[in-house]
Amino acid sequence: MTKTPSHKVRLGLITATIWDNNGFYSVDMSRSYKDANGDWQSTASYAHNDLLNVAKCAERAEIWIARQAHANN
């Protein structure tokens, strides 16, 4: 069975996927792109022009996680 992410943050082609592991959150960062056949793929490799969106996604993921922790206290 595949577990569903708790939340996703998207900016352009960058996605931060947030997973809840019994109260411990982890984040996967990925970049979407189309391959030579026109099919969507993802990678964890980023070009220079992706880095600002990577940083913003990371910040928004951190804010979301902090709000979850605050809501549970």
Side-chain angles (χ1 to χ4, degrees):
M1 175 185 280
T2 303
K3 188 175 177 183
T4 304
S6 294
H7 189 68
K8 287 189 176 189
V9 177
R10 288 189 181 98
L11 286 171
L13 298 174
I14 306 300
T15 302
T17 304
I18 304 169
W19 302 91
D20 182 356
N21 300 300
N22 298 319
F24 173 79
Y25 291 96
S26 60
V27 180
D28 292 329
M29 301 291 286
S30 63
R31 180 187 186 280
S32 299
Y33 68 96
K34 283 192 177 183
D35 65 15
N37 296 324
D39 298 321
W40 284 101
Q41 304 292 331
S42 64
T43 183
S45 181
Y46 310 100
H48 176 252
N49 60 348
D50 295 323
L51 296 179
L52 187 56
N53 280 349
V54 169
K56 287 180 179 182
C57 277
E59 180 180 34
R60 291 178 186 183
E62 192 282 329
I63 290 168
W64 188 89
I65 293 168
R67 287 181 178 158
Q68 303 314 301
H70 181 58
N72 293 329
N73 287 332

Short side-chain to backbone donor-acceptor contact, N37 and D39, under 3.5 Å
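Side chain of N37 to backbone of D39, a donor-acceptor pair under 3.5 Å: no, none is there.
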Test your reading of the model: is there a side-chain donor-acceptor pair from D50 to the backbone of A47, 3.5 Å cut-off?
yes
Report yes or no: do [X] and [Y] belong to one cluster of Ile/Leu/Val/Met/Phe/Trp/Tyr joined by side chain heavy-atom distances under 4.5 Å?
X   : Y   : answer
V27 : L52 : no
I65 : I14 : yes
M29 : L11 : no

Please give me the minimum heavy-atom distance between [X] and [Y], naming the atom from each residue.
X   : Y   : result
N22 : D20 : N-OD1, 3.2 Å
N21 : S26 : ND2-OG, 3.2 Å
C57 : V9  : SG-O, 3.8 Å

Show me the pairs that pass ring-ring contact (aromatic ring centres under 6.0 Å, His included) and involve residues 21-41, at least two apart or across chains.
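Only Y25-W64 qualify under ring-ring contact (aromatic ring centres under 6.0 Å, His included).
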Point-to-point distance, once rounded to the nearest 0.5 Å, from CD of E62 to CZ of R67
10.0 Å
From the options V54, T43, L13, T15, select the one residue that forms a side-chain contact (heavy atoms from CB on, under 4.5 Å) with S30.
T15
Report the residues that fulfil side chain to side chain donor-acceptor pair (under 3.5 Å) with D28, sequence neighbours left out, ordered by chain and then residue number.
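With sequence neighbours excluded, D28 shows a side chain to side chain donor-acceptor pair (under 3.5 Å) to W19, given in chain and number order.
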Listed partners of E59 passing side chain to side chain contact (heavy atoms under 4.5 Å, CB included), at least two apart
I63
